[in-house]
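What's counted below: heavy atoms across the whole structure, side chains too, no hydrogens, waters or symmetry copies. Sequence lines set the chain letters: A, B, ... in the order given, protein chains first and strands last, and positions in each chain run from 1.
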Number of protein chains: 2
Amino acid sequence: MNKKNITFSDIAEYTHFSKTTISRYFNNPDSLTLENQQIIADALEALDYKENKVARILANGKTEFIGIIIPNLYMHYYSAILDQILSTYEKYGYKFLVFTVKDNEETERKYIQELLAYKIEGMIILSHNLTSKELASYNIPIVAIEREDKHICSVNTDNYMGGVQATSLLAKSGAEILIHINADLSPEVPSYERIHGFLNTCAEQNLPYELILTDTGHSYEESIDVFYRLLDEIDQKYKDKVKGLFLPNDTFANIILNRLFQRYGKLPDDYKIVGFDDSPISRESVIPTSTVGQQIDKIADTALQILSERIKENHKRKPRTFLEPVHKVITPILLKRETTK
Amino acid sequence: MNKKNITFSDIAEYTHFSKTTISRYFNNPDSLTLENQQIIADALEALDYKENKVARILANGKTEFIGIIIPNLYMHYYSAILDQILSTYEKYGYKFLVFTVKDNEETERKYIQELLAYKIEGMIILSHNLTSKELASYNIPIVAIEREDKHICSVNTDNYMGGVQATSLLAKSGAEILIHINADLSPEVPSYERIHGFLNTCAEQNLPYELILTDTGHSYEESIDVFYRLLDEIDQKYKDKVKGLFLPNDTFANIILNRLFQRYGKLPDDYKIVGFDDSPISRESVIPTSTVGQQIDKIADTALQILSERIKENHKRKPRTFLEPVHKVITPILLKRETTK
DNA sequence: TTGTAAGCGTTATCAA
DNA sequence: TTGATAACGCTTACAA
């Protein structure tokens, strides 16, 4: 802060080159002789030059910023996704400006404006506040992850396949009645497909089943109440049957597993449980819980692949104005653990 | 991208004001008459103006960027901290550029250079790769969170107090032998103080204790091996005593709790357990685990308070060149749950 | 292979 | 209360 910043002008003066040549040293070094490259390199060292990407952005329009809007980082799924997105820096070079948004449309719009003011080149959206139609109207490359995505690109887990895998595993482990509990989802969110996967598998294999769509609570405490009640009902209703429970996430699976352990000191033989997400709790539960794992690294990489392609397209002198949204699907991985023995 | 961006020049032309006046409309509206404010407001609307903060930064030097270097977002503690840091946007207005760095000095230096190139105004560091001395040499405001912090500002949990709270709770719950297991930490990291808190409490209250400092493993699987072995040893050694176990985090506490549950179908009366962090696993464990909670919201807010003060100082025409590092300490909160009944 | 000069879209300084 | 003009530090034609 003390002495003024070293700029290309200073280096130009010092080396008796022009600013342009200094710029070339950074952007197209091969166009300089090796000697001259060395001279400039030495000068940078001698003057302790620090690059200024803000000036570069203003001049060439490429910020290499990608904006991320994510509901929170408190839930493991979201932080795991962000973790993987951030680590794509080494491969793609984009820097990430991250905002968390609770359920508030106006806030989300405000944050998007802020991101646009910083000239982000693309955006990754995990929140559910704005429709994909509105998002598409911003006219910048956008990838949605696990949310409604009609009008924008997206990367999702193959939720249908996940539902099939979970249901089949329960069936194979000896379940006589298959039960899937889920929130009453909108058919537009990708995870709705898990329900289809469950239903179709039961139908195809001719398995008795029950589908319970209900409010699963908005906090851990609420969810505990909900699932304790449901478990009691199920216990009553299917007393003499082996019950196969497919839960929409590992947290819910864990609530049920804990309840059974607290009661019986073990997982009774007439209960089989499968969760979803392969979150830490599924490994750290009192006995390891079977679950359907999302390939979060692939999801993140695919999202960046889509973005970087479209960003490159925008940098062409004559970018195509409209590209159809693409929708990629990543296969989940079934993890057979102790709760489906 | 199609038609060129609307700039102050366009608005100036449209309204017959100068660029300067348009700038004033944004930065010092009171210096314009209400009429003229309205005229400009209408023009912005009519022309669909989008602000460009990159240009503004280049002109006034204020990016409002803060860089964050964090080991990962996979561990809940880190993502919880980042979550709270991001939500300070509403209060302080800073935007965050986030990098994750594994154990690699060179990578961290590279990322810091990148952050500096984007003219960040401050930095929050949670990683352990570089010494605080080296970090201080970058000459920008930096706050460390739970890491070595001799030469830079920091915000930490009062780890000593945490150790005292945990140990006292175990004592009160009837433990006859107090055991603290921890990694063989450097005395420079803040969490080392937990050990002091444990030892001093045992000494003051004249309690029998054992301090086990050992390699706790570098993965969940490794940790399981370590703690199963330790538990067997403890079980042998203190057969007829009520054992009070103070673990350095909730994950480790959970490993022990699960092992006991798997063996006995419940937490035996001669085991009392306290973890650290109030991470989700402490609530979601087979029975809720007592733990010491860090006030992560306060930690994040305090970090930003320190940064924003120092950044403001830097914006003064004559900033003080050197400010002593400040070290803030946030009191932890003891959570008494089922494992210390 | 190198240089000149005109941007990029703001803000700051000084003057009116 | 408003304006003219020179920064801010880099890139990009176009020339040589």
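In the region residues 42-52 of chain B, proximity to DNA chain C at under 4.0 angstrom, judged on heavy atoms, holds for B:Tyr49, B:Asn52.
Atom CG in B:Leu58 sits about 8 Å away from atom C1' in D:dC10, given to the nearest Å. Remark: P of C:dT4 and CZ of A:Phe8 are 16 Å apart, rounded to the nearest angstrom. Counting to the nearest Å, the P atom of C:dT11 and the NZ atom of B:Lys119 are 19 Å from each other. We find that OH of B:Tyr25 is positioned 13 Å from P of D:dT2, with the value rounded to whole Å. Atom pair B:His315:NE2 and C:dA12:P shows a separation of 11 Å (rounding to whole Å applied). With rounding to whole Å, B:Ile57 atom CD1 is found 18 Å from C:dC8 atom P. When rounded to the nearest whole Å, the span between CG of A:Asn28 and C1' of C:dG3 equals 15 Å. Per the geometry, CG belonging to A:Leu34 stands 10 Å off P belonging to C:dT1, to the nearest Å.
At the heavy-atom level, B:Thr33 lies under 4.0 Å from the strands shown only through sugar-phosphate atoms. No engagement by A:Asp10 is indicated, since no non-hydrogen atom pair under 4.0 Å with the nucleic acid exists.
Sorted by first then second residue, the side-chain hydrogen bond (donor to acceptor under 3.5 Å, both in side chains) pairs that include residues 41-56 of chain A, not counting sequence neighbours, are A:Asn27-A:Arg56, A:Gln38-A:Asp42, A:Asp48-A:Lys50, A:Lys53-B:Glu114. Residue pairs meeting the salt bridge (Lys or Arg N to Asp or Glu O under 4.0 Å) criterion with at least one partner in residues 22-34 of chain A, sequence neighbours excluded, do not occur; the list is empty. Residue pairs meeting the salt bridge (Lys or Arg N to Asp or Glu O under 4.0 Å) criterion with at least one partner in residues 127-141 of chain A, sequence neighbours excluded, are A:Arg109-A:Glu134.
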Could you give me the CA-CA distance, side-chain angles and deciding distance for A:Glu108 and A:Ser127, then say whether side chain to side chain donor-acceptor pair (under 3.5 Å) is met?
CA-CA 9 Å; A:Glu108 179 152 345; A:Ser127 57; 2.9 Å; yes
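Contact annotation: the side chain of B:Glu188 never approaches that of B:His128 to less than 4.5 Å [non-hydrogen atoms, C-beta and beyond]. Counting only heavy atoms from C-beta outward, the side chains of A:Asn314 and A:Glu121 never approach each other to under 4.5 Å.
At D:dT11, one or more side-chain N or O atoms of A:Ser23 fall inside 4.0 Å of OP1 or OP2 (strictly under the cut-off). For A:Asn60 and D:dC10, the shortest distance from a side-chain N or O to OP1 or OP2 is not below 4.0 Å.
Nearest to the side chain of B:Asn36, among D:dG9, D:dT2, C:dT11, sits D:dT2.
With sequence neighbours left out, the side chain to side chain contact (heavy atoms under 4.5 Å, CB included) criterion links B:Ala59 to no other residue.
Mapped onto DNA chain D by nearest heavy atom, B:Asp30 and A:Phe26 fall at different nucleotides, with B:Asp30 at the one closer to the 5' end.
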Distances for protein N or O near nucleotides 3-6 of chain D N or O, under 3.5 Å:
from, atom 1, to, atom 2, distance (Å)
D:dG3, OP2, B:Ser18, N, 3.0
D:dG3, OP2, B:Ser18, OG, 3.2
D:dG3, OP2, B:Thr21, OG1, 2.5
D:dG3, N7, B:Arg24, NH1, 3.2
D:dG3, O6, B:Arg24, NH2, 2.5
D:dA4, N7, B:Thr20, OG1, 3.3
D:dA4, N6, B:Thr20, OG1, 2.8

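For the 3.5 Å distance criterion, the side chains of B:Tyr25 and B:Asn36 fail to qualify, holding no donor opposite an acceptor.
Closest non-hydrogen pair, B:Asn156 versus B:Glu146, comes out as OD1-N, 2.7 Å.
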